[in-house]
Amino acid sequence: MRRFLDRNFLLRSPAAEVLYHEFAAEMPIIDYHCHLPVEDIADDRRFENLTQAWLEGDHYKWRAMRMNGIEEHYCTGSAADRNKFDAWARTVPHTIMNPLYHWTHLELRRYFGIEDILDSDSSERIFGRCTELLRTPDYSCRALLERMKVRVVCTTNDPIEDLSAHTAIAEEGGGLVVVPGFRADRASQIADPGTWRTYVSALGEAANLDITSPDNLLEALQVRHDFFAECGCMVSDHGEEQLYAENYKRADIQRIFAATLRGIAPPESDVRLFKSWLLYELAKMDHAAEWTQQFHLSALRNNNSRALKVDSGYDSIGDFAIATGVANFLDRLNASGQLARTILYSVNPAHNEVLASTCGNFCEHPTPAKVQFGTAWWFMDQIDGMERQLTAFANMGLLSHFVGMLTDSRSFLSFPRHEYFRRILCNMIGTQVDRGEIPRDLDWLGKVVQNICYTNAREFFRFRDQ
């Protein structure tokens, strides 16, 4: 009988065990898309307790707690940290077969050496032990990253941010590389003119420009794009429902910009035109700077209008039709010779084969898998979702060139998700070996696994010179 989370957790064949333990387990981590608060890294923060380290900003846990009937006071409210943790501990047993159950106990083991099951009975003991450790230098934010062999962290940053924390980390030197990721979503969100105008004003202030026209907007974004590049940025990211590639004229964009600046809410057709224009222009900037661009698609966000906070766990999978928009957007860039290295993600697994097959249309010398299907994301970063994404990538492309896993997390305790992915990857390959579907050349396959876990990302994002 297997023990819970034993040494061969998720490894269901002898070949899988070899691939994981001898090749994947000790590989370092490049987390090329996350939402870690970079100020905590710069200050090398020590958390006062486990609640701060585990529940701050974690909408995965908040959703589970709400589903368990927990009051919002204990999720995003002002309840005492100790009481919030007890509410989470009461919830954990109900997360069985949800990835949160595995992640929770992997994190307790890998960071704190705790093999107890978290529930109401063990809550006080686990909270006390973890809190005691977190207050020591060995459990500061940087120490937590080092413990997991994290080499590179790419945070997600708005163009208006000053990146002072990134600069401070870079000036210190050391083995950890922390670079910003350029996410300019708010520049295109003209559906809410009031919020957009406030943002455009802030962007103009950051770029030291008065933004009164579409050209001014592009100029300001280019100034900030250049500044991010100076601070080590090599990636952009976009969170859109879909990619837009409508046919627009310069006069259309000038008209839409002027009306929105006056506070007039545009119709949906104008929103699509404006996003088509701005996404294309931003993609051209990425190509010129030799960055990698990432597109996270198909999330239906902030659905609960009674919720007090946005971006706090009220999102779901969208069913937008994305195939034509993605293909036309990429083709427009490719036709002008301005298509950067690109990663496409969708939170909807129905899009797996659509995106995986589309990527192959735009790959070319000299970059392997120049356009590729990104890892299972958000609701899909669980066993079934990862297996489906890996299968689609392998069936439609060349899995050996895949850049692997990311955390997409706000928690410094989330890095065992890379272990989770690596075990699933090794199990899929190893199982086919033991079924006679792949040659039993474990040295060769081990190299493939190591490339997917680390080396491909280093080469694709060009972090090797850091």
Side-chain angles (χ1 to χ4, degrees), residues 10-12 16 19-20 24 29-34 60 97-100 102-103 237-240 242-243 292-299 315-320 322-323 326 330 341-363 368-409 414 416-432 437-438 445 448-449 451-454 456-457 460-461:
L10 297 181
L11 306 175
R12 305 187 188 103
L19 290 174
Y20 178 73
I29 289 173
I30 291 175
D31 204 48
Y32 54 86
H33 174 72
C34 74
Y60 286 85
M97 295 187 71
N98 183 296
L100 281 168
H102 285 157
W103 295 348
D237 180 57
H238 306 268
E240 294 285 353
Q242 52 192 301
L243 279 180
T292 297
Q293 57 186 357
Q294 302 177 86
F295 298 94
H296 287 81
L297 308 175
S298 298
D315 313 301
S316 53
I317 296 170
D319 61 352
F320 310 101
I322 70 169
V326 169
L330 296 177
R341 296 184 306 280
T342 302
I343 304 178
L344 303 173
Y345 311 80
S346 176
V347 73
N348 187 338
H351 297 152
N352 284 2
E353 284 75 16
V354 170
L355 292 183
S357 62
T358 299
C359 291
N361 296 331
F362 302 100
C363 292
K370 175 182 176 180
V371 179
Q372 63 173 265
F373 178 32
T375 190
W377 170 51
W378 203 341
F379 294 105
M380 293 298 105
D381 56 0
Q382 27 78 5
I383 296 172
D384 178 65
M386 290 184 191
E387 288 180 344
R388 291 174 69 176
Q389 186 272 340
L390 287 165
T391 298
F393 196 122
N395 284 340
M396 307 292 169
L398 300 178
L399 184 62
S400 61
H401 291 307
F402 182 34
V403 295
M405 185 58 175
L406 48 83
T407 63
D408 191 31
S409 176
S414 65
R417 294 185 196 178
H418 281 263
E419 174 186 340
Y420 204 58
F421 166 82
R422 291 172 180 186
R423 287 177 178 270
I424 291 167
L425 171 68
C426 291
N427 183 67
M428 292 182 69
I429 295 175
T431 298
Q432 291 199 22
E437 297 169 10
I438 296 176
L445 293 172
V448 170
V449 164
N451 287 343
I452 295 171
C453 292
Y454 174 73
N456 288 347
F460 191 79
F461 294 97

Legend entry - For the student: nearest non-hydrogen atoms of Ala16 and Cys426, plus distance: CB-O, 3.5 Å

Name the atoms and distances for all side-chain donor-acceptor pairs under 3.5 Å in residues 368-378, with sequence neighbours left out.
unit_1, atom_1, unit_2, atom_2, d
Lys370, NZ, Leu339, O, 2.9
Lys370, NZ, Glu364, OE2, 2.9
Gln372, OE1, Val403, N, 3.1
Gln372, NE2, Ala369, O, 3.3
Gln372, NE2, His401, O, 3.4
Trp377, NE1, Asp408, OD2, 2.9

Legend entry - Flag side-chain contact, heavy atom, 4.5 Å: His418 against Asp31: yes

Inset, instruction - Only counting residues at least two apart or in another chain, list the ones meeting side-chain hydrogen bond (donor to acceptor under 3.5 Å, both in side chains) with Gln389. - result: none

Inset, instruction - To the nearest 0.5 Å, tell me how far Leu330 CG sits from Leu243 CG. - result: 7.0 Å

Legend entry - Side-chain heavy atoms of Leu297 within contact of Val326, under 4.5 Å: yes

Legend entry - Parallel, tilted or perpendicular: ring planes of Phe402 versus Phe421, cut at 30 and 60 degrees: perpendicular

Inset, instruction - Any chance you could measure Cys453, atom SG, to Ile30, atom CD1, to the nearest 0.5 Å? - result: 11.5 Å

Legend entry - Straight-line distance of Thr292 OG1 to His33 NE2, nearest 0.5 Å: 13.5 Å

Inset, instruction - Could you pull out all residues at least two apart from Asp319 that satisfy salt bridge (Lys or Arg N to Asp or Glu O under 4.0 Å)? - result: none

Legend entry - Which residues share a salt bridge (Lys or Arg N to Asp or Glu O under 4.0 Å) with Arg12, sequence neighbours left out: none

Legend entry - Interatomic spacing from OH in Tyr420 to CD1 in Ile383 - rounded to 0.5 Å: 3.5 Å

Legend entry - Heavy-atom closest contact (Val347 atom, Pro349 atom, distance): O-CD, 3.5 Å

Legend entry - Flag, side chain of Gln382 to backbone of Asp384, donor-acceptor distance under 3.5 Å: yes

Legend entry - Contact check, side chains of Met405 and Asp381, non-hydrogen atoms, under 4.5 Å: yes

Legend entry - Any residue meeting salt bridge (Lys or Arg N to Asp or Glu O under 4.0 Å) with Asp237, in chain and number order, not counting sequence neighbours: Arg183

Inset, instruction - Please assess Thr342 against Leu344 for the test side chain to side chain contact (heavy atoms under 4.5 Å, CB included), listing each intermediate value before the final yes or no. - result: CA-CA 7 Å; Thr342 302; Leu344 303 173; 3.9 Å; yes

Show every donor-acceptor pair shorter than 3.5 Å between a side-chain atom in residues 391-400 and any protein atom, with sequence neighbours excluded, or say none if there are none.
unit_1, atom_1, unit_2, atom_2, d
Thr391, OG1, Glu387, O, 2.7
Asn395, ND2, Thr391, O, 3.3

Inset, instruction - For the pair Val449 and Tyr20, evaluate side chain to side chain contact (heavy atoms under 4.5 Å, CB included) and give the outcome as yes or no after the intermediate values. - result: CA-CA 8 Å; Val449 164; Tyr20 178 73; over 6 Å; no

Inset, instruction - Kindly write out the residues that satisfy ring pair (Phe, Tyr, Trp, His ring centres under 6.0 Å) with Tyr32, not counting sequence neighbours, or none if the list is empty. - result: Phe461

Inset, instruction - Kindly write out the residues that satisfy ring pair (Phe, Tyr, Trp, His ring centres under 6.0 Å) with Tyr454, not counting sequence neighbours, or none if the list is empty. - result: none

Inset, instruction - Work out which heavy atom in Ile429 is nearest to a heavy atom in Ile438; give both atom names and the distance. - result: O-CD1, 4.1 Å

Inset, instruction - Could you note down all residue pairs passing side-chain hydrogen bond (donor to acceptor under 3.5 Å, both in side chains) where residues 346-361 supplies at least one of them, sequence neighbours left out? - result: Ser298-Ser346, Ser298-His351, Ser346-His351

Legend entry - Gap separating the CZ atom of Arg422 from the CG atom of Asn427, nearest 0.5 angstrom: 16.0 Å

Legend entry - Separation of Leu10 CG from Met386 CE (nearest 0.5 Å): 9.5 Å

Inset, instruction - Quick one: list whatever passes salt bridge (Lys or Arg N to Asp or Glu O under 4.0 Å) with Arg423, sequence neighbours left out. - result: Glu419

